[in-house]
Protein chains: 2
Amino acid sequence: MHDPLANLAGYLLRRASNAALAELNARLAPLELRHADVALLMLVAAAPAISQSQAGRVLDIQRANMVSFVGRLEERSLLRRRPLDRRSQALELTGRGRRLLARARQVVAAHEQALRGRVPESLRPAVLPILAALWQGAAPQRRRPRRSAA
Amino acid sequence: MHDPLANLAGYLLRRASNAALAELNARLAPLELRHADVALLMLVAAAPAISQSQAGRVLDIQRANMVSFVGRLEERSLLRRRPLDRRSQALELTGRGRRLLARARQVVAAHEQALRGRVPESLRPAVLPILAALWQGAAPQRRRPRRSAA
DNA sequence: TATTGTTATACTCTATAACTATA
DNA sequence: TATAGTTATAGAGTATAACAATA
């Protein structure tokens with residue numbers, strides 16, 4: 001059936017995002033990575049010795065949730081925690097992490113290529129500016145309100 | 001810090017979508033609705049007597065997950081299940097559901113307005129076509145691959 | 001006093017398998 | 001034989017509170 005919500009930007013944004021995420025995860029599956037893993041590896045590569053909390057702030061991941069997230073990648077020897085002072089942990093890629101990231105970057109590039117290919121050529125220059133504007137224009141969000149049984 | 005992933009369409013898509021969703025949920029909180037609730041109510045309003053499974057297919061929600069989802073809205077007397085045959089359930093809005101949906105539509109309209117307002121005017125006509133292209137061009141997705149402990 | 005990393009915990013969302021009844 | 005609705009269950013993602021150690 002025709003989707004009656006297809007004229008809502010918010011709805012399309014969610015559907016497009018979900019589809020793209022699912023596709024990227026499928027592409028990354030052979031590397032046993034998920035999109036969030038690659039985001040963190042790319043961030044650490046771009047900002048060596050960034051602290052765990054800082055990385056969480058950039059990627060919008062709670063401090064508490066960074067622990068097991070980073071821990072899993074550390075167990076796989078993809079990144080390392082190094083004490084920055086006696087409180088903060090600096091994150092850095094291992095050799096193995098760098099090599100896997102190099103492969104992941106190719107997957108991401110192919111995925112980006114596929115995304116761009118879906119957009120009519122005349123509209124392509126508008127893709128990044130529009131998405132950036134939609135994101136950056138957003139009000140900093142309070143946390144998710146609980147569902148209450150009404 | 002400057003986000004080194006900000007030139008990736010997939011990343012921007014996810015961040016923009018998350019920000020928009022969080023904002024919409026915050027706007028809907030006074031009505032004790034979440035974005036998915038409104039999507040279902042709007043769908044049922046546009047396609048009266050759509051079956052529970054059909055609605056799930058349109059919204060990309062598993063049959064199994066529709067049960068408690070619809071159940072919760074039914075408990076709140078926002079929609080009703082009516083037997084279509086002895087197997088399928090037709091969904092229809094109650095009067096209360098229609099009234100609440102009318103209010104929700106205003107919230108959604110304000111939210112859509114806010115989204116559009118974030119985009120430079122010259123790019124606005126490209127917003128819906130780009131998002132629709134990114135979504136509709138996506139390959140139908142197999143389900144999410146499991147994370148394996150590597 | 002504020003921040004970092006951490007543990008514990010809980011809720012939402014989503015996925016799969018299996019079952020019954022029905023088309 | 002395929003589909004609708006359902007139950008049960010599990011996993012991923014994400015939220016909060018609280019704590020100790022440190023800046």
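Residue numbering restarts at 1 for every chain, and letters A, B, ... go by the order of the sequence lines.
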* Residue met sooner reading DNA chain D from 5', once A:Asn65 and B:Val67 are mapped to nucleotides -> B:Val67
* Structure fact -> Exactly one of A:Leu101, A:Leu24, A:Val38, A:Val107 clears side-chain contact (heavy atoms from CB on, under 4.5 Å) with A:Leu33, and that residue is A:Val38
* To do: Using a cut-off of strictly less than 4.0 Å, decide whether B:Gln54 has a side-chain nitrogen or oxygen near OP1 or OP2 of D:dA4.
  => no
* With sugar-phosphate meaning primed atoms plus P, OP1 and OP2, does A:Ala64 contact a base, only sugar-phosphate, or nothing at under 4.0 Å between heavy atoms? -> base
* Structure fact -> Rounded to whole Å, CD1 of A:Ile50 lies from P of C:dT4 at a distance of 11 Å
* **Note: B:Glu112-B:Arg116 ion pair, threshold 4.0 Å (strictly below)** => no
* **Atom pair CG (B:Leu28) and CD (B:Glu23), whose distance is rounded to the nearest 0.5 Å** => 10.5 Å
* **Donor-acceptor contact present, side-chain A:Thr94 to main-chain A:Leu78, <3.5 Å** => yes
* To do: Respond yes when some side-chain nitrogen or oxygen of A:Ser53 is under 4.0 Å from OP1 or OP2 of C:dG5, and no when none is.
  => yes
* Asked: Rounded to the Å, how far apart are B:Arg57 CZ and D:dG5 C1'?
  -> 12 Å
* Asked: Hey, is the side chain of A:Arg63 poking within less than 4.0 Å of OP1 or OP2 on D:dA17, counting only N and O atoms?
  -> no
* To do: Could you tell me whether the side chain of A:Arg87 has a donor or acceptor atom within less than 3.5 Å of a complementary atom in the base of D:dT22?
  => yes
* **Rounded distance (Å) that lies between atom P of D:dG11 and atom CD of B:Gln62** => 17 Å
* Asked: Please give, in whole Å, the distance from D:dT14 P to B:Leu21 CG?
  -> 12 Å
* Nucleotide C:dG5, atom P - distance to CD of A:Gln89 in whole Å -> 6 Å
* To do: Using atom CG of A:Leu91 as one end and atom C1' of C:dT4 as the other, report the distance to the nearest whole Å.
  => 12 Å
* Asked: To the nearest Å, how far apart are B:Met66 CE and C:dC13 C1'?
  -> 14 Å
* To do: Give the C-alpha distance, both sets of side-chain angles, the deciding distance and a yes or no for side-chain hydrogen bond (donor to acceptor under 3.5 Å, both in side chains) between A:Gln89 and A:Arg82.
  => CA-CA 5 Å; A:Gln89 309 273 17; A:Arg82 184 172 51 78; over 6 Å; no
* Separation of A:Leu59 atom CG from D:dT14 atom P, in whole Å? -> 11 Å
* To do: Establish, with yes or no, whether the OP1 or OP2 oxygen of D:dG13 is under 4.0 angstrom from a side-chain nitrogen or oxygen of A:Arg34.
  => yes
* Asked: Considering only side-chain heavy atoms of B:Asp85, which listed nucleotide, C:dA23, C:dA15, C:dT4, is closest?
  -> C:dA23
* Phosphate contact (D:dA4 OP1 or OP2) by B:Gln52 side-chain N/O below 4.0 Å -> no
* Take A:Arg14 and A:Ser51, find for each the nucleotide of DNA chain C with the closest heavy atom, and name the residue whose nucleotide sits nearer the 5' end. => A:Ser51
